[in-house]
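Okay, structure first, notes after.
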Number of protein chains: 2
Amino acid sequence: MNAAFAKSSDYVGHAVAAIARLIREQDLKPGDRLPAETVLSSQLQVSRTVVREALRSLAALSLLELGAGKRPTVAKLDDEALCLMIDHGVMIDQIDIQQIYDARRTIEVRTAALAALRRTDAEAIQIIAHATAMAQDLLVPDKVMEHDIAFHLAVARASRNPLFALILGAFQNVTRETWPIGWRSRSSDAERQAMNALHLELAEAIAAGNPQSAAAMMERHFDSSLKALVAAGII
Amino acid sequence: MNAAFAKSSDYVGHAVAAIARLIREQDLKPGDRLPAETVLSSQLQVSRTVVREALRSLAALSLLELGAGKRPTVAKLDDEALCLMIDHGVMIDQIDIQQIYDARRTIEVRTAALAALRRTDAEAIQIIAHATAMAQDLLVPDKVMEHDIAFHLAVARASRNPLFALILGAFQNVTRETWPIGWRSRSSDAERQAMNALHLELAEAIAAGNPQSAAAMMERHFDSSLKALVAAGII
DNA sequence: TCCGCAAACCTGTCCTACAGGTCTAGGAAA
DNA sequence: TTTCCTAGACCTGTAGGACAGGTTTGCGGA
């Protein structure tokens, strides 16, 4: 299927491809169990070692879930694997903070609009709750940060497009590292309260089902964050 | 670092975390070599089996590159791993085509604008070349498709944000499967020529360095594609 | 100083073994 | 008859040894 997994005499690569094909052809869904390692081993005509390494590869991408005593199980995607990838990309200077910021902005303006259109009432309440909590814990940066991150993820989930939630979730680690910089760059309490107020207005636009307003608010949020970072000389 | 890799007595998970930490703490860059498996094995106090499975996990995410006789080397991210993940998400109905379409639209409107601002002359020429080639091979759908995909990826690369190229690249496989549907849904040659004309106009807007126009063109492109698919009853 | 080669090094694969977790068939109890 | 429970079968996680063949390195010669 893919070049990197297809070098001739790359047994593990072939096994990965074969197992991925197996999932596809048998139309397996999350929770469904694959054949045992020894069975795969004899079916694919490779050692159990090779099968195990192939299974690990797929588990790393969270296509599979492995567990002692349990047969390999088809899994749902989650953002952990992607998170590791993004972190690595930043580490090796393949991606910089500004690029992540731009990607977030691009996507989050959309998730805000979609969330306004599609959020359930429960989601609206949750989003407002995070925005409110940010204002309440104004003196405890760690709490503000966690609510901020949770706020944005809640919006992403409310957009009803799991791709957005997946991608934005993958930025979490990076955000956790850069967030305090943004916080410190807002030197006065007034600025910090203004940021929180913006979150709350955004939450209310989403709750009110107003996509234009939600998108505009999200744009303003990113504009002001970016301005704060630039002012602090970070970007 | 991550929950899924931290279950106590999950040796492989610990090894993955330790190796990822190693890369981070030593600030290794693509091409740099890690210690040999046996060295890692004794440093981490686990068997070579465990080390190998950990290395495979990281290689699956393309954080590492493995090769017979070669020590593990730090790698650049590429879209293959992400591609497998997206394909799987579609397979298990976690993601549907429309959601991918919306993600693409959201991101590609941005890449079009950025490409107009940042493209090099060589990139502008290449983008125009793909658009031209689409029109030339109008009777050979496969060729049109490949140029279409290459066109969009070239725009993504010209945006100078590797995240966008990474994400859009991951949609390639899905696009290859759905593209022919869109093609067939444009029943007349006139419609198909109109689509190609739109690509060419977009390419020219990017070459002319006009971001507003490029973004608007990209929006029109997605609107008309979506309309064609809806008309065909696909979405 | 440069080149080439042999030895040292390293990975890919296979095998065996066993501890301990999980599942299931079938018997016991209600 | 149905439900519950358990013993045994099944399965994975980890360890360690072996060897083929690819890669790197440092030595010796030109």
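Computed from a prediction, not measured in an experiment: that's the story for all the values here. We name chains A, B, ... by the order of the sequence lines, and we start the count at 1 in each one.
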**Report entry** Counterpart residues, side-chain hydrogen bond (donor to acceptor under 3.5 Å, both in side chains), relative to B/Arg52 (two or more places apart)
**Finding:** A/Glu53, B/Glu37

Query raised in the report: Which angle, to the nearest 10 degrees, lies between the helix axes at the two ends of the helix from C/dT1-D/dA30 to C/dA30-D/dT1, each defined by five pairs?
Result: 10°

Report summary line: Taking for B/Pro72 and for A/Ala68 the nucleotide of DNA chain C with the nearest heavy atom, the one nearer the 5' end belongs to B/Pro72

**Report entry** Span of DNA chain D, from the first to the last nucleotide whose atoms fall under 4.0 Å of chain A heavy atoms
**Finding:** D/dC11 to D/dT14

Report task. For B/Trp179, check side-chain hydrogen bond (donor to acceptor under 3.5 Å, both in side chains) against everything at least two apart and list the hits. Result -> B/Asp148

Query raised in the report: Taking only residues two or more places apart in sequence or in another chain, which ones pass side chain to side chain contact (heavy atoms under 4.5 Å, CB included) with A/Ala18?
Result: A/Arg21, A/Leu44

Query raised in the report: Residues in side chain to side chain contact (heavy atoms under 4.5 Å, CB included) with A/Ala112, at least two apart?
Result: A/Leu202, A/Ala214, A/Met218

Query raised in the report: Considering residues at least two apart in sequence or located in another chain, which fulfil the side-chain hydrogen bond (donor to acceptor under 3.5 Å, both in side chains) criterion with A/Arg104?
Result: A/Glu108

Query - Between P of C/dT11 and CZ of B/Arg56, the distance in whole Å - result: 12 Å

Query raised in the report: What pairs with B/Ala36 under side chain to side chain contact (heavy atoms under 4.5 Å, CB included), at least two apart in sequence or on another chain?
Result: B/Thr38, B/Val39, B/Arg71

Query raised in the report: What residues in residues 25-40 of chain B put a non-hydrogen atom under 4.0 Å from any atom of DNA chain C?
Result: B/Ala36, B/Glu37

Report task. Check whether more than 12 heavy atoms from other residues, nucleotides or ligands sit under 6.0 Å from atom NZ of B/Lys143, and answer yes or no. Result -> no

Report summary line: By side chain to side chain contact (heavy atoms under 4.5 Å, CB included), B/Glu65 pairs with (sequence neighbours left out) B/Thr73, B/Ala75

**Report entry** Pair A/Lys76 + A/Asp78: basic N to acidic O under 4.0 Å
**Finding:** no

**Report entry** Nearest-0.5 Å distance, OG1 of residue A/Thr106 to CG of residue B/Asn161
**Finding:** 8.0 Å

Short N/O separations, protein against nucleotides 14-19 of chain C, under 3.5 angstrom:
| from | atom 1 | to | atom 2 | distance (Å) |
| --- | --- | --- | --- | --- |
| C/dC14 | OP2 | A/Ser47 | N | 2.8 |
| C/dC14 | OP2 | A/Ser47 | OG | 2.6 |
| C/dC15 | N4 | A/Thr49 | OG1 | 3.3 |

Report task. Report the C-alpha distance between A/Ile86 and B/Leu163 in whole Å, list the side-chain angles of each, state the deciding distance to 0.1 Å, and finish with yes or no for side chain to side chain contact (heavy atoms under 4.5 Å, CB included). Result -> CA-CA 9 Å; A/Ile86 298 294; B/Leu163 265 173; 3.6 Å; yes

Report summary line: Taken to the nearest whole Å, CG/B/Asp10 to P/C/dG21 is 14 Å

Query raised in the report: For DNA chain D, whose closest nucleotide is more 5', that of A/Leu55 or that of B/Gly67?
Result: A/Leu55

**Report entry** Residues that A/Asp102 engages under side-chain hydrogen bond (donor to acceptor under 3.5 Å, both in side chains), provided they are two or more places apart
**Finding:** B/Arg110

Requested in this report: Could you state the atom-to-atom distance from CD of A/Glu65 to C1' of C/dT22 in whole Å?
Outcome: 15 Å

Report summary line: Rounded to the nearest 0.5 angstrom, the CD1-CZ distance for A/Ile206 and A/Arg118 is 13.0 Å

